[in-house]
Structure formats: structure tokens, C-alpha cells
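Working notes, structure below.
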Amino acid sequence: MINSEEKRPTWDEYFLMIAKLAATRSTCLAFPVGAVIVKDRQVLATGYNGSPSGTVHCTAQGFCYPGLGTCRESGEIPSRAIHAEANAIAQAAKHGISTQGASIYVTLEPCISCLKLIISSGIKEVFYEADFNSGTKAMLRDSFLETGIIKYKKIYLSEEMASHAALFLLNPILIDLR
């Protein structure tokens, strides 16, 4: 049980919850991922997986292309989705917001393409909840980490904190008059 002093989430928990909330906007049926870019404890931009703005969503047509039961059925055809990290970086750029020296919180570890984009955009730290890269992709990721150009940290959201946060989502206001 969370005691009264532990009711506030840590900064990592707070930003991870925002990323998880952003993921609820995802239109990607295979990987509903959310991301939030943060600098000096302030949110700069958010993003989620989905097809490009103005195009039909996978949720409307069924996976990346009509008639598919899974994304894997598309074979050699590339995914239509823009990843959450890329969307967050694009939103920052669209609005003239610098990501230099920022951190990014993501619900799924960035793929190698997004990691390269994150590094090139000047983001210095990646906080993620679930693992994604393995094998040669993990080796390439680790080579970037070894240079010190980017830092990685896996973080978790406890069930207790998620349940506590859900109270705020489900109720207009919580008043504790103790």
C-alpha cells in the first residue's frame, strides 16, 4: 500500500505514465507505443505510433494494409506506422522546440532507426519500460551506449502507483481532508 508520503510519483514514474497515456492515442494495432520528450522536468512533446497525419489509420482498415490479420502478413511491404519517438521529435521540430540535451521516455525500447534519430536530435537520455532490441540490434545499440553519446535506463511503474494514478483518471477530483 502506498503511504501518504509515497503518493506522489517519482519524476521517472510521472513521465512514464504520460508516455503510457500517449500510447492510448496510438492507431497501430501491433505496437501501441507512446513517447514523451522532457527537458528540465518539463514536457516538450509527445508522440505515439500511427500512420502519417491525414492518412487512414490502421485501426480503421485493419493493420498496415486492408485485409491483413497481422502486421507480419504484410511480408516485404513496409509498415505504414511512424514510431512514437519519431512522432514526438517531429512534433517538437514542427513547433520549433529544441530537443538538445533532453530526455525521452518511451513505453517500448527504441528500435535502431529511432535510436539513431534520438541521438541526432540531441536527446541525451532514453528511459524505457519494455525491451525490444536483441541480437545484432542490441550489439549496435550497445556500441552507441559505450561511446557515452546516449544513456539508457529501464524503468518500471509499480502496480500500486498505476492503481493510485487510475484514481485520478476515474474521478474528477480527489480530496483528502485528513
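- The minimum heavy-atom distance between C114 and A86, with the atom names listed, is SG-N, 4.4 Å.
- Both I149 and I104 sit in one connected hydrophobic cluster of ILVMFWY residues. Membership requires side-chain heavy atoms under 4.5 Å apart, directly or through other members.
- Using a 4.5 Å heavy-atom threshold, the side chains of R141 and Y152 count as touching.
- Scanning both residues, A35 and A88, for their nearest heavy atoms gives CB-CB, 4.4 Å.
- Here the side chains of Y14 and T10 are not in contact, with every heavy-atom distance at 4.5 Å or above.
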Trace of the side chain to side chain contact (heavy atoms under 4.5 Å, CB included) decision for I82 with N49: CA-CA 6 Å; I82 299 172; N49 281 16; over 6 Å; no
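- Between F15 and W11, the ring planes lie parallel to each other; the angle is under 30°, not in the 30° to 60° tilted range.
- Using cut-offs of 30° and 60° on the angle between ring planes, the pair F127 and Y105 is parallel.
- Tracing side-chain contacts under 4.5 Å through hydrophobic residues (I, L, V, M, F, W, Y), one reaches I112 starting from F31; they form part of the same cluster.
- The number of heavy atoms from other shown groups lying within 6.0 Å of CG (D40) does not exceed 12.
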Could you tabulate the donor-acceptor pairs under 3.5 Å formed by side-chain atoms of residues 119-126, not counting sequence neighbours?
{"unit_1": "S120", "atom_1": "OG", "unit_2": "K116", "atom_2": "O", "d": "3.2"}
{"unit_1": "S121", "atom_1": "OG", "unit_2": "L117", "atom_2": "O", "d": "3.4"}
{"unit_1": "S121", "atom_1": "OG", "unit_2": "I118", "atom_2": "O", "d": "2.8"}
{"unit_1": "E125", "atom_1": "OE1", "unit_2": "S103", "atom_2": "OG", "d": "2.6"}

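- How far OG1 of T107 is from CG of L16: 7.5 Å, rounded to the nearest 0.5 Å.
- Atom CD in E85 sits 9.5 Å away from atom CD1 in I37 (nearest 0.5 Å).
- The two atoms that bring P32 and S26 nearest to each other are CA-OG, 3.3 Å, heavy atoms only.
- The side-chain heavy atoms of C111 and F132, taken from C-beta on, include a pair separated by under 4.5 Å.
- Side chains of M17 and L157 form a contact here, defined as non-hydrogen atoms less than 4.5 Å apart.
- For the residue pair A92 and T99, the shortest heavy atom distance occurs at CB-CG2, 3.8 Å.
- In this structure, OG on S143 lies 8.5 Å from CE on M139, to the nearest 0.5 angstrom.
- When only modelled atom types and interatomic distance are considered, D12 and Y156 share no side-chain donor-acceptor pair under 3.5 Å.
- By the 4.5 Å heavy-atom criterion applied to side chains, L115 and F144 are counted as neighbours.
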Does the pair E129 and L108 meet the rule for a side chain to side chain contact (heavy atoms under 4.5 Å, CB included), with working shown? CA-CA 6 Å; E129 183 178 41; L108 181 66; over 6 Å; no
Start with the C-alpha distance between T46 and V43, add both sets of side-chain angles, then the distance that settles side chain to side chain contact (heavy atoms under 4.5 Å, CB included), and finish with yes or no. CA-CA 8 Å; T46 63; V43 173; 4.2 Å; yes
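- Using a cut-off of 4.0 Å between Lys/Arg side-chain N and Asp/Glu carboxylate O, E109 and K154 are scored as not salt-bridged.
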When you look at V33 and Y48, which way does the side chain to side chain contact (heavy atoms under 4.5 Å, CB included) test go after all the steps? CA-CA 6 Å; V33 177; Y48 50 85; over 6 Å; no
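- Side-chain contact check for S158 versus M161: some heavy-atom pair is nearer than 4.5 Å.
- Remark: E13 engages no residue in a salt bridge (charged side-chain N to carboxylate O under 4.0 Å, His left out) (not counting sequence neighbours).
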